[in-house]
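One structure below.
Every heavy atom of this structure was used, including side-chain atoms; hydrogens, water molecules and symmetry mates were not. For reference, positions follow the sequence shown, starting with 1.
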Amino acid sequence: MHDKTPDAGRLQHLRRAHLAKGDPVPLPITLASTFHLPGEPGGVHHYGRTDNPTWEAAEEALAFLEGAACVAFPSGMAAISAVIFALLKSGDRLLLPSDGYYTPRVLAERFLAGFGIAVDYRPTRSFLDGGFDGYRMVYIETPSNPGLDVCDIRAVADAAHAAGAIVVADNTTMTPFGQRPLALGVDILLSADTKAPNGHSDVLFGHVASADESIIAAIRQWRTLSGAIPGPFEAWLLHRGLETLELRFDRMCSSAQAIAERLASSGLAGEVRYPGLPGDPSHALASRQMLRYGSLIGLTLAGAEQAEAFIDGCALLQPATSFGSVHSSAERRARWGDAVAPGFVRLSIGCEPTQELWEAIDSALRAAG
Ligand SMILES: *Cc1c(COP(=O)(O)O)cnc(C)c1O
């Protein structure tokens with residue numbers, strides 16, 4: 001399992017090992033629901049809900065990046081649902097972050113109590129406080145979305161394992177090029193590949209990764225039986241996106257560092273949160289456990305009005321939810337009910353040239369007052 005940056009060069013050439021003379025170099029899309037299947041089934045593709053060559057290519061690339069087996073899903077939430085519903089049962093207790101992506105909390109509140117699964121919540125920054133006795137599953141998201149607090153992945157994994165829990169990490173904000181939770185001891189990694197891994201705001205996708213074969217078998221069985229399968233075209237787009245992930249994420253993180261530093265020293269953006277800023281509460285731990293500091297920046301402008309004027313007035317910021325795209329985007333998270341100030345803006349830095357992006361952000365901030 002990797003504890004360093006995946007080898008992006010080898011990723012570009014993974015398919016070569018499967019090619020016979022005359023085969024297309026880029027991945028073909030297989031849209032089949034049925035496969036030629038005379039006689040006994042087994043050892044080959046048999047039906048589109050069980051397996052598909054295009055998903056398998058996407059899973060092979062994801063597994064190469066994660067250093068562990070991967071199961072692909074049609075969205076990040078489908079991956080999260082698979083982990084929860086395939087691995088928990090009545091009587092179990094689940095610990096979720098109180099400040100992470102909000103949909104897993106809504107899912108838990110709406111459905112888990114009815115299945116006899118208890119759920120507790122804890123802030124990412126003090127996630128170790130209180131220990132993990134009694135939990136069957138401990139789920140972390142670091143840095144948390146949108147607040148960008150971090151928790152110590154190895155310390156959580158060690159303490160949760162000592163208490164008998166399975167440890168899950170949502171690594172969406174960092175990608176395999178920014179952080180390696182499996183190498184830091186978690187049992188299951190999941191990611192919304194809708195964000196930077198696809199990177200072009202045109203696909204929803206997700207995956208679950210684990211080195212534990214029984215976990216992967218259960219997750220795969222959940223996918224086949226629940227029918228939560230990715231579409232071949234989406235798998236093809238994700239596969240294509242992964243080929244440029246290292247290039248895009250490198251630009252995104254470098255630009256985010258430069259822009260966060262300039263925002264912090266400009267005095268125009270209130271409190272600036274970015275794990276790569278030496279004064280940030282996440283900085284020391286982020287420097288120990290992350291390979292990059294990521295592409296998200298948190299700003300707190302004076303109020304909702306200033307925040308909306310900034311977002312709408314910036315020529316190089318797409319007002320949109322979600323993050324990780326080639327296009328920089330921004331949104332005021334309080335509009336979704338996140339526990340943040342009304343003027344809190346989550347900036348997602350994309351692939352525009354750094355200086356041009358900075359000039360657009362700077363002038364929009366000045367105009368928004
Ligand atoms: C977006 C996101 C998800 C959900 O992904 P979808 O593809 O929208 O279902 C899960 N976790 C995090 C941290 C996210 O940002």
Side-chain angles (χ1 to χ4, degrees), residues 1 62-63 65-73 75-89 92-109 111-112 115 117-124 127-128 130-145 149-176 178-193 195 206-223 228 289-290:
M1 218 162 302
L62 289 166
L65 289 174
E66 301 293 9
C70 287
V71 185
F73 283 94
S75 66
M77 281 310 302
I80 292 170
S81 300
V83 167
I84 289 176
F85 290 103
L87 301 176
L88 294 178
K89 60 182 187 327
D92 285 343
R93 190 168 269 280
L94 165 68
L95 182 61
L96 288 176
S98 57
D99 52 347
Y101 187 63
Y102 71 105
T103 317
R105 291 195 295 280
V106 180
L107 176 77
E109 276 152 29
F111 290 106
L112 293 190
F115 289 121
I117 298 165
V119 188
D120 296 315
Y121 306 93
R122 211 179 264 182
T124 297
F127 208 80
L128 280 160
F132 303 109
D133 284 349
Y135 289 106
R136 178 67 191 129
M137 183 179 284
V138 167
Y139 180 117
I140 56 175
E141 183 186 315
T142 175
S144 58
N145 165 29
D149 280 330
V150 299
C151 64
D152 186 329
I153 298 174
R154 187 175 290 285
V156 168
D158 288 350
H161 285 153
I166 307 174
V167 184
V168 180
D170 181 336
N171 202 39
T172 301
T173 52
M174 292 314 296
T175 88
Q179 177 169 267
R180 318 309 316 254
L182 291 170
L184 295 171
V186 314
D187 305 294
I188 300 172
L189 176 150
L190 58 86
S191 169
D193 300 317
K195 311 294 167 51
H207 74 271
V208 175
S210 179
D212 182 321
E213 281 174 23
S214 67
I215 289 175
I216 288 293
I219 297 292
R220 205 176 281 285
Q221 203 173 22
W222 166 267
R223 179 177 70 182
Q289 75 181 8
M290 288 155 60

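The backbone N or O of A72 lies less than 3.5 Å from a partner atom in the side chain of R223, making a donor-acceptor pair. Between the side chain of T124 and the backbone N or O of S144, no donor-acceptor pair lies under 3.5 Å. A donor-acceptor distance shorter than 3.5 angstrom exists from the side chain of R122 to the backbone of F127, with no hydrogens or angles considered. Here the side chain of D212 pairs a donor or acceptor atom with the backbone of I215 at under 3.5 angstrom. In this structure a side-chain-to-backbone donor-acceptor pair under 3.5 Å is present from R105 to G100. In this structure, the side chain of E141 does not engage the main chain of L96 through any donor-acceptor pair within 3.5 Å. Listed for the D92 side chain is no donor-acceptor partner under 3.5 Å among the backbone atoms of R136.
Applying the side-chain hydrogen bond (donor to acceptor under 3.5 Å, both in side chains) test to S191 and every residue at least two apart in sequence or in another chain returns D193. Every side-chain contact (heavy atoms from CB on, under 4.5 Å) that A169 has, sequence neighbours left out, goes to I140, P181, V186. Residues satisfying the side-chain contact (heavy atoms from CB on, under 4.5 Å) test with A79, not counting sequence neighbours, are F73, V208.
The minimum heavy-atom distance linking V167 with A157 is given by the pair CG2-CA, 4.0 Å. Summarising the geometry of D187 relative to S210, their closest heavy-atom pair is O-OG, 2.8 Å, with the distance given to 0.1 Å. Shortest non-hydrogen contact noted between A68 and L182 is CB-CD1, 3.7 Å. Nearest heavy-atom pair, A165 versus V138, reported as atom, atom and distance to 0.1 Å: CB-CG2, 3.9 Å. Smallest separation of non-hydrogen atoms from A82 and W222: CB-CD1, 3.3 Å.
In the model, T172 has a side-chain atom that pairs as donor or acceptor with a side-chain atom of D170 under 3.5 Å. A donor-acceptor contact closer than 3.5 angstrom is absent between the side chains of Y121 and D99.
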### Query
Passes side-chain contact (heavy atoms from CB on, under 4.5 Å), Y135 versus I166? Steps please.
CA-CA 8 Å; Y135 289 106; I166 307 174; over 6 Å; no

### Message
Does I219 form a side-chain contact (heavy atoms from CB on, under 4.5 Å) with L87? I'd like the steps, not just the answer.
### Response
CA-CA 8 Å; I219 297 292; L87 301 176; 4.3 Å; yes

### Evaluation steps, side-chain contact (heavy atoms from CB on, under 4.5 Å), between I80 and L190
CA-CA 7 Å; I80 292 170; L190 58 86; 3.5 Å; yes

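Residues M137 and R93 have side chains not in contact (no heavy-atom distance under 4.5 Å, counting atoms from C-beta outward). With a 4.5 Å cut-off on side-chain heavy atoms, F85 and L107 count as touching. Looking at heavy atoms from C-beta onward, L189 lies in side-chain contact with H207 at the 4.5 angstrom threshold.
Here the CZ-CG distance, from R180 to L65, works out to 7.5 Å after rounding to the nearest 0.5 Å. Atoms CD and CD, from Q179 and Q289 in turn, are 5.5 Å apart once rounded to the nearest 0.5 Å. Note that the CG atom of L112 and the CD1 atom of I117 stand 5.0 Å from one another [nearest 0.5 Å]. Separation of atoms CG (N171) and OG1 (T173) is listed at 6.5 Å; rounding is to 0.5 Å. D120 contributes atom CG, which lies 8.5 Å from atom CG of L94 (distance to the nearest 0.5 angstrom).
Of the residues listed (V119, V83, V168), the one engaging Y139 in a side-chain contact (heavy atoms from CB on, under 4.5 Å) is V168, and it is the only one.
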